Amino acid sequence: MKKLIALLLAMVMVFALAACGGTEDPTPADNTPAPSTDDAAPAPDAPTDDDTPDAPAEPAEPAEPAESGERPVPDLVPGTVTLSDSKALEGKRIGCTIVYKGDEWCYQTALALETLGAYYGAEITVEDGDIQDEVQVKQIENMIANGVDVLMVDPTTPDGCHEALMKAVDAGIPIIIYDGYWTAGEEQALSTVTWDQYETGCIVGRYFVDYVKNNMDGKCRVIEMANKISTHCQDRWVGFHEIIDEANANGCEITIVNPQQYDSQGNRELAYNAIAAVVEPYDVIISDVDNGAMGSVAALQAAGNTSVKVISMGAYGEEPFGALHDGDPNYMACLNVDAWVLGQAVMQAALDYFDGKTPEKTINIDLFMVDASNVENFWSF
């Protein structure tokens, strides 16, 4: 009996040692996800102006890190993004605010910044500025008080956050402006990552004029849907109008039905209501933001109007690309601003700074017009 008891005690001691861990670790399994070869899964419905989406739209294919297999690449990161192997952001605290998460593109940009920031080992939450300077001022001041290492700011207006941003300058916190711009950014910001707003209008204008020449005998009546609170959206109209004026000087007859422009404020409901109230005949709606475009589309379809076409000066995601892919009768084309490419450019500017390099003062990403003929080049279905 004593021998049996001794044997049982010995076995208990062996099991106890095993539960506490041995002297040698087993070889860990490789959890790095392989790049997907399948089409992206269907994305959830796009956000409304009142709701932030519960889940993101699924991009095409995951990207690979540049010469590094140490960090698993999130499945969300599309193949258009070239990642860095720098570890300069590990442990850094990033303060970030974006103009308005209720916009599909801004939501995707916020998602990209949070996903890429986490990939690089940084602590980041993108706060919603709700298209209000005063909201962003409070956010920036709180971020400064919390001792962030870098600020990433998408300003509602060029001067609305100036005093708060200057407090960051005085505190020695580097500032990266993205999407919009800061009047003092050329002197005070580390870098401004955006796209050329004037050229945006020119690209859309040239596409539109070609369409009018090829399909409407050079004659067209246009409704303009603007996001007037955004000064950088207004810069898009400058380029657009220059192209239209040039076309009219060369024989086209393009008429702006509402020279004062309807103001969507980036809100679908306001765009819907404006278009629903129009009584003058018109052929095409041009919107400087995609919420304005989608609100216009909804109003047209509620009225059973499938002849008027809508063009957006900036879009990205499952909703606009899906509409093009599925042959929506109204939503005709959009300028593609890749939110993930922009997000990576923002992160790269921060990586360069903390690696001791000097990022470029202004970084413009590439822009492309997307319609049914080429949408599959930009999104997987």
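Since the structure is predicted, the reported quantities are computational estimates derived from the model, not experimental observations.
Remark: side-chain polar atoms of Ser287 are paired, donor with acceptor, to backbone N or O of Ala293 under 3.5 angstrom. With hydrogens and angles ignored, the 3.5 Å screen pairs a side-chain donor or acceptor of Asn227 with a backbone N or O of Gly266. Remark: side-chain polar atoms of Asn267 are paired, donor with acceptor, to backbone N or O of Leu270 under 3.5 angstrom. A donor-acceptor pair under 3.5 Å links the side-chain atoms of Asp263 to the main chain of Lys228, judged by distance alone. Judged by distance alone, with hydrogens and angles left aside, the side-chain atoms of Gln108 form no donor-acceptor pair with the main-chain N or O of Gly317 at under 3.5 Å. Judged by distance alone, with hydrogens and angles left aside, the side-chain atoms of Asp217 form no donor-acceptor pair with the main-chain N or O of Lys219 at under 3.5 Å. When atom types are taken as modelled, the side chain of Asp133 and the backbone of Cys161 share no donor-acceptor pair closer than 3.5 angstrom. Under a 3.5 Å cut-off, the side chain of Asp288 and the backbone N or O of Met313 do not form any donor-acceptor pair.
Cluster membership for Met143 and Val126, using ILVMFWY side-chain heavy atoms within less than 4.5 angstrom, is not shared. Residues Leu151 and Val137 do not share a hydrophobic cluster, clusters being chains of Ile/Leu/Val/Met/Phe/Trp/Tyr side chains in contact below 4.5 Å. Note: the hydrophobic cluster containing Val289 does not contain Phe240 (ILVMFWY, side chain heavy atoms under 4.5 Å, direct or indirect links). In terms of hydrophobic clustering, with Ile, Leu, Val, Met, Phe, Trp and Tyr side chains grouped at heavy-atom distances under 4.5 Å, Leu89 and Tyr178 are assigned to a common cluster. Taking hydrophobic clusters as Ile, Leu, Val, Met, Phe, Trp and Tyr residues chained together by side-chain heavy-atom distances below 4.5 Å, Phe208 shares a cluster with Val310.
Put simply, CG on Asp352 and CD1 on Ile363 are 7.5 Å apart, with the number rounded to the nearest 0.5 Å. Between atom CG of residue Leu324 and atom OG of residue Ser373 there is a gap of 9.5 Å, rounded to the nearest 0.5 Å. Asn215 CG to Lys213 NZ: the interatomic distance, rounded to the nearest 0.5 Å, is 13.0 Å. If you take CD on Gln136 and CG on Leu165, they are separated by 9.0 Å, rounding to the nearest 0.5 Å. Interatomic distance, Asp159 CG to Tyr181 OH, rounded to the nearest 0.5 Å: 8.5 Å. One finds the CG atom of Leu190 at 13.0 Å from the CD1 atom of Ile173 (value rounded to the nearest 0.5 Å).
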Verdict with reasoning, Gln344 to Val77, per side-chain contact (heavy atoms from CB on, under 4.5 Å)
CA-CA 10 Å; Gln344 172 57 26; Val77 181; over 6 Å; no
Stepwise side-chain contact (heavy atoms from CB on, under 4.5 Å) test for Met216 and Lys309
CA-CA 12 Å; Met216 306 178 71; Lys309 304 302 179 185; over 6 Å; no
Using the rule given for side-chain contact (heavy atoms from CB on, under 4.5 Å), can you reason through Ile285 versus Leu300, listing the C-alpha separation, both sets of side-chain angles and the distance that settles it, and then say yes or no?
CA-CA 10 Å; Ile285 299 171; Leu300 292 170; 4.0 Å; yes
Applying salt bridge (Lys or Arg N to Asp or Glu O under 4.0 Å) to Asp149 and Arg93, what does each step give before you reach the verdict?
CA-CA 5 Å; Asp149 298 296; Arg93 300 181 66 192; 5.9 Å; no
What verdict does the side-chain contact (heavy atoms from CB on, under 4.5 Å) test give for Thr255 and Tyr282, after you've listed the backbone C-alpha separation in whole Å, the side-chain angles of each residue and the deciding distance to 0.1 Å?
CA-CA 9 Å; Thr255 304; Tyr282 59 96; over 6 Å; no
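Residue Pro174 comes nearest to Tyr353 through the heavy atom pair CG-CE2, 3.6 Å, listed as atom of the first residue, atom of the second, then distance. Across all non-hydrogen atoms, the minimal contact from Val257 to Pro281 is CG2-O, 3.9 Å. Across every non-hydrogen atom of Asp130 and Asp128, the tightest pair is N-OD1, 2.8 Å. In terms of heavy-atom proximity, Lys361 sits nearest to Glu187 at NZ-O, 3.9 Å. Minimum interatomic distance between Gly343 and Leu116 (heavy atoms only, all atoms of both residues): C-CD1, 3.7 Å. Minimum interatomic distance between Ala164 and Glu141 (heavy atoms only, all atoms of both residues): CB-CG, 4.2 Å.
Looking at heavy atoms from C-beta onward, Met294 lies in side-chain contact with Pro320 at the 4.5 angstrom threshold. The shortest side-chain heavy-atom distance between Ile256 and Asn258 falls under the 4.5 Å cut-off. Between Ile131 and Gln265, the closest side-chain pair of non-hydrogen atoms is not below 4.5 Å. Residues Thr194 and Asn364 meet the side-chain proximity criterion, which asks for heavy atoms closer than 4.5 Å. Inter-residue side-chain proximity for Ile94 and Met347 is flagged as met; some heavy-atom pair is nearer than 4.5 Å. Side-chain contact between Thr231 and Asp235 is absent, with no heavy atoms from C-beta onward closer than 4.5 Å. You'll find the side chain of Asp366 stays beyond 4.5 Å of the side chain of Asp338, heavy atoms only. Counting only heavy atoms from C-beta outward, the side chains of Gln197 and Val238 never approach each other to under 4.5 Å.
With a 6.0 Å cutoff to the six-membered ring centre and a 45° limit on the axis angle, Lys92 counts as a cation-pi contact of Phe354.
At most 12 heavy atoms of other shown residues, nucleotides or ligands fall within 6.0 angstrom of atom CD in Gln260. No more than 12 heavy atoms of other residues, nucleotides or ligands lie within 6.0 Å of CD in Glu360, so this atom counts as exposed by the packing criterion. A 6.0 Å sphere centred on NZ of Lys87 holds no more than 12 heavy atoms belonging to other residues, nucleotides or ligands.
Each of Trp195, Phe321, Tyr107 was checked for a ring-ring contact (aromatic ring centres under 6.0 Å, His included) with Tyr316, and the lone residue meeting it is Phe321. The one candidate from Ile365, Val193, Asn336, Thr82 that meets the side chain to side chain contact (heavy atoms under 4.5 Å, CB included) condition with Val341 is Ile365.
In summary, the side chains of Gln301 and Asp328 do present a donor paired with an acceptor at a separation below 3.5 Å, with no hydrogens or angles considered. Looking at Tyr100 and Asn291, their side chains never bring a donor and an acceptor atom within 3.5 Å of each other.
Checked for salt-bridge contact, Glu246 and Arg206 miss the test: no charged N lies under 4.0 Å from a carboxylate O.
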